[in-house]
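We're numbering straight along the sequence, starting at 1.
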Amino acid sequence: MKSNHTTRPDQNWLRALMFTIFGSTVLVVSYFQLYFSHLGFSRAEIGYLYGIGPLVSVFSNMFWSMASDRYNTVRKVMIILLAGQLITGVLLANATSFGQVFVLVTLFYFFYYPVYPLSDTMAITTASKYGRNFTSIRVFGSIGYAFFALSIGYFLGSFGPGWTMWVCIALAATTLLIGFRLKEQPSGSSTKMDLSGLWSILKRRDVLTFFGCVFLLALGHRMNEAFLTITLKDLGASEGLIGWSLLISSVSEIPVFLLLSRYGNRYKELPLLTIAALMYTIRLFLMSISDTPAAVVAIQTMHSVTFGIFYVTAVRYITRLVPDGYRATGMALFTIVWSSASGLLSGTLGGLLLEHTNRNTFYLTAMAFSLAALVGFSIKLWSSMTSRA
């Protein structure tokens, strides 16, 4: 009984952390773009602001995650990152010129992006320690995203996009308070991370081809994610409807997460990743031919069979590819490929495409990247089947 008493609060505070940090995701991914538009920035400028964060996060993810592995602490690093988000959020709320916002958003992203691989690392370690599935903790991020997508949408619809940064500040402060209640969960590896060992992992062909396919898939995903709210706004959607569209996508992934949590281990990763890439290709093609807010909102339900299948399966694949002592760094590398490098290219390329072409061309380009990822995962699947035969 004592064991349950001491471990349950630990898991619950981690679930609460997942719930609130994905509220920040709603803001950064979906409402920051509307906030920047409210400040009077052009589509290209908004694309640059979206893209600069991922560029900085390539370095920040590696810096903070390697520090976490090297000093065997996730909790302390998380607290530093959340405090940094709070401070830069306050400064951003008072910035109006493009130059000021560009510098401060860069700083904000330095503290923002590394929170996600580190929280996933903590969830993986905590779940493993107590015999639970990673998804049983991570699903609270999806629930939080759904809750904040709708509530923030209606709040900003009532009070205006000028309140975006103050919502960000409130979320950062709440998450920081939760961070202080977390318990440290070391990986269990008594040796400090050795960079030469990491390099030997990165040189492996299966690791390189996996990250290559993830990058291609991420380009299409991030292009849609970065400009979905602007697409809806152009089609005449209200902030409330935008919130519903984000709610639908996040709620749709929850049953898939729960199903994969219970039955996912029965299926190998590569077939699931191939299916996810196929569904992404179909989803982005449908986006290219949609011309009403209702159609776009309906297509958002495909988030369940695209991101829902992909994310849980990819994390499972990484934990099999990368040894425990490199877990935080392995998750950071995944985040760099899935969010940072792809976000940089998709933000700048997407902004320029929307500025100089049209929505149809934008989404067909995103579809082409997903199609390339589908080909890559299919080749990996075929190779694995023939090697076993």
Whether [X] side chain and [Y] backbone form a donor-acceptor pair below 3.5 Å:
| X | Y | value |
| --- | --- | --- |
| Arg15 | Arg138 | no |
| Ser245 | Val297 | no |
| Ser68 | Thr73 | yes |
| Arg320 | Glu269 | no |
| Gln100 | Thr96 | yes |
| Asn94 | Val90 | yes |
| Glu355 | Ala44 | yes |

Applying a strict under-4.5 Å side-chain criterion to I, L, V, M, F, W and Y, I'd like to know whether [X] and [Y] cluster together.
| X | Y | result |
| --- | --- | --- |
| Trp166 | Phe159 | yes |
| Val103 | Tyr35 | no |
| Ile143 | Val312 | yes |

Between [atom1] of [X] and [atom2] of [Y], what distance do you get to the nearest 0.5 Å?
| X | Y | atom1 | atom2 | result |
| --- | --- | --- | --- | --- |
| Leu284 | Met302 | CG | CE | 8.5 Å |
| Leu217 | Phe369 | CG | CZ | 12.0 Å |
| Cys213 | Phe377 | SG | CZ | 4.5 Å |
| Trp382 | Thr274 | CH2 | OG1 | 14.0 Å |

With a cut-off of 6.0 Å (strictly less than), are more than 12 heavy atoms of other residues, nucleotides or ligands near CZ of Phe98?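 Yes, the 6.0 Å shell around CZ holds more than 12 heavy atoms from other groups.
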
Kindly list each side-chain donor-acceptor pair under 3.5 angstrom involving residues 148-156, sequence neighbours excluded, with atom names and distances?
unit_1 : atom_1 : unit_2 : atom_2 : d
Ser151 : OG     : Phe147 : O      : 2.8
Tyr154 : OH     : Trp244 : NE1    : 2.7

Can you check whether [X] reaches [Y] side chain to side chain, under 4.5 Å on heavy atoms?
| X | Y | answer |
| --- | --- | --- |
| Leu278 | Ile275 | no |
| Phe140 | Phe257 | no |
| Leu34 | Thr164 | no |
| Ser57 | Tyr109 | no |
| Leu333 | Met62 | yes |

Give me the ring orientation class for Trp64 and Phe111: parallel if the planes are under 30° apart, tilted from 30 to 60°, perpendicular past 60°.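 Ring orientation, 0 to 90° scale: tilted.
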
What's in the same ILVMFWY side-chain cluster as Tyr48, cut-off under 4.5 Å, chained through other members?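 Members other than Tyr48 - counting any ILVMFWY side chain reachable under 4.5 Å - are Leu352.
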
Residue that, paired with Met78, satisfies side chain to side chain contact (heavy atoms under 4.5 Å, CB included) out of Leu176, Thr175, Val115: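 The side chain to side chain contact (heavy atoms under 4.5 Å, CB included) with Met78 is passed solely by Val115 among Leu176, Thr175, Val115.
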
Assert yes or no for the condition that the ring centre distance of [X] to [Y] is strictly below 6.0 Å.
| X | Y | value |
| --- | --- | --- |
| Phe36 | Phe32 | yes |
| Phe63 | Phe59 | no |
| Tyr116 | Trp338 | no |

Taking atom types as modelled, find out whether Thr231 and Asp234 have a side-chain donor-acceptor pair closer than 3.5 angstrom.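 Judged by distance alone, the side chains do not pair up.
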
Hey, are Gln33 and Thr229 close enough side-chain-wise for a donor-acceptor pair under 3.5 Å?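 Gln33 and Thr229 do not have a side-chain donor-acceptor pair below 3.5 Å.
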
